[in-house]
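These numbers were taken from a predicted model, which means no experiment stands behind them. Below, all heavy atoms of this structure are taken into account, side chains as well, without hydrogens, waters or symmetry copies.
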Amino acid sequence: MTDTTVDSIVRLAELRETALDVAEVVAALDDEASGGLTLFVGRVRDHDGGRDVDGLDYSAHPTAEAKLREVCERIADEYDVHGVAAVHRTGTLAIGDVAVVIATTAAHRGEAFDASRALIDTLKAEVPIWKHQRFGDGSDEWVGSP
């Protein structure tokens with residue numbers, strides 16, 4: 001890990017009902033020591049499991065934002081990164097809307113890639129955010145719900 005504290009490495013960890021801005025995430029991680037910035041943008045796609053998706057809703061447990069911060073802090077502690085950021089939408093999203101943006105910075109690209117992969121995978125596995133998909137045939141499905 002770098003000489004900075006985990007708190008200063010986690011630059012952004014929020015849930016929002018408003019549209020996400022990729023430029024905000026990139027700007028939050030701006031520093032002169034980072035040679036690599038990796039970014040993942042998850043968008044709502046028009047299909048899932050062979051079915052047409054019309055849209056979806058994300059719901060979050062009241063503890064989800066704290067859990068998101070905890071995940072970001074763990075990544076900051078486990079990887080030699082300079083910055084970590086993650087924002088996730090809640091509410092109703094349409095096809096093409098941005099649902100999640102995560103990014104990490106590091107001195108070199110390899111560590112940034114590894115940390116970003118771990119960040120999105122851990123976020124998806126551990127942060128209590130549930131997706132309610134609405135399909136073109138009128139059916140629906142909850143994903144990630146307890």
Requested in this report: Please answer whether the main-chain N or O of L15 pairs with a side-chain N or O of E65 as donor and acceptor at a distance below 3.5 Å.
Outcome: yes

Query - Verdict with reasoning, V25 to L12, per side chain to side chain contact (heavy atoms under 4.5 Å, CB included) - result: CA-CA 7 Å; V25 174; L12 182 62; 4.0 Å; yes

Query raised in the report: Which is it for R11 and D30 under the salt bridge (Lys or Arg N to Asp or Glu O under 4.0 Å) test, yes or no, and what are the steps along the way?
Result: CA-CA 10 Å; R11 311 271 178 80; D30 188 37; over 6 Å; no

Report task. Before accepting this row, confirm whether a basic side-chain N of the pair D48/R45 lies closer than 4.0 Å to the acidic partner's carboxylate O. Result -> yes

Query raised in the report: Less than 4.5 Å apart, any side-chain heavy atom of L93 and any of D57?
Result: no

Query - Test log, rule side chain to side chain contact (heavy atoms under 4.5 Å, CB included), inputs R89 and V100 - result: CA-CA 6 Å; R89 277 286 303 270; V100 62; over 6 Å; no

Query - Pairwise distance OH(Y58) to NZ(K131) - rounded to 0.5 angstrom - result: 4.5 Å

Query raised in the report: Using 4.0 Å as the upper bound for N to carboxylate O, is an ion pair formed by E126 and R74?
Result: yes

Query raised in the report: Between OG1 of T38 and CG of L119, what distance do you get to the nearest 0.5 Å?
Result: 8.5 Å

Requested in this report: Please answer: with hydrophobic residues joined when any side-chain heavy atoms are less than 4.5 Å apart, are F113 and V84 in the same cluster?
Outcome: no

Query raised in the report: Hey, which of V44, L56, D52, D54 is the one that makes side-chain contact (heavy atoms from CB on, under 4.5 Å) with I95?
Result: V44

Query raised in the report: For the atom pair NZ (K67) and CD1 (I129), what is the distance rounded to the nearest 0.5 Å?
Result: 12.0 Å

**Report entry** Main-chain N/O of V98 paired to R43 side chain as donor or acceptor, under 3.5 Å
**Finding:** no

Query - R117 atom CZ: more than 12 heavy-atom contacts under 6.0 Å - result: no

Requested in this report: Check step by step if side chain to side chain contact (heavy atoms under 4.5 Å, CB included) holds for V71 and V127.
Outcome: CA-CA 8 Å; V71 166; V127 179; 4.1 Å; yes

Query - Under-4.0 Å salt bridge between D114 and R109 - result: no

Requested in this report: Following the transitive rule for hydrophobic clusters with a side-chain heavy-atom cut-off under 4.5 Å over Ile, Leu, Val, Met, Phe, Trp and Tyr, establish whether Y79 and I120 coincide in one cluster.
Outcome: yes

**Report entry** Side-chain donor/acceptor of T104 to backbone N/O of A112, under 3.5 Å
**Finding:** yes

Report task. Taking only Lys NZ, Arg NE, NH1 and NH2, and the carboxylate oxygens of Asp or Glu, determine whether E24 and R16 approach each other closer than 4.0 Å. Result -> yes

**Report entry** Reported CD1-to-CZ distance for the pair I102 and F40, which is rounded to 0.5 angstrom
**Finding:** 7.5 Å

Query raised in the report: Rounded to the nearest 0.5 Å, how far does CG of D77 lie from SG of C72?
Result: 13.0 Å

Query raised in the report: Any donor and acceptor pair, going by atom type alone, linking the side chain of E111 with main-chain N or O of D80 inside 3.5 Å?
Result: yes

Report task. Specify whether W130 and H61 have parallel, tilted or perpendicular ring planes, treating 30° as the upper limit for parallel and 60° as the lower limit for perpendicular. Result -> perpendicular

Query raised in the report: Rounded to the nearest 0.5 Å, what separation is found between the CG atom of L29 and the CD1 atom of I9?
Result: 11.0 Å

Report task. Output yes when E141 and R134 qualify as a salt bridge under the 4.0 Å nitrogen-oxygen rule, no when they do not. Result -> no

Query raised in the report: So, H82 versus S34: side-chain donor-acceptor pair below 3.5 Å or not?
Result: yes

**Report entry** Check: E14 and L68 side chains under 4.5 Å, non-hydrogen atoms
**Finding:** no

Query raised in the report: Quick one: does T105's side chain have a donor or acceptor within less than 3.5 Å of a partner on G83's backbone?
Result: yes

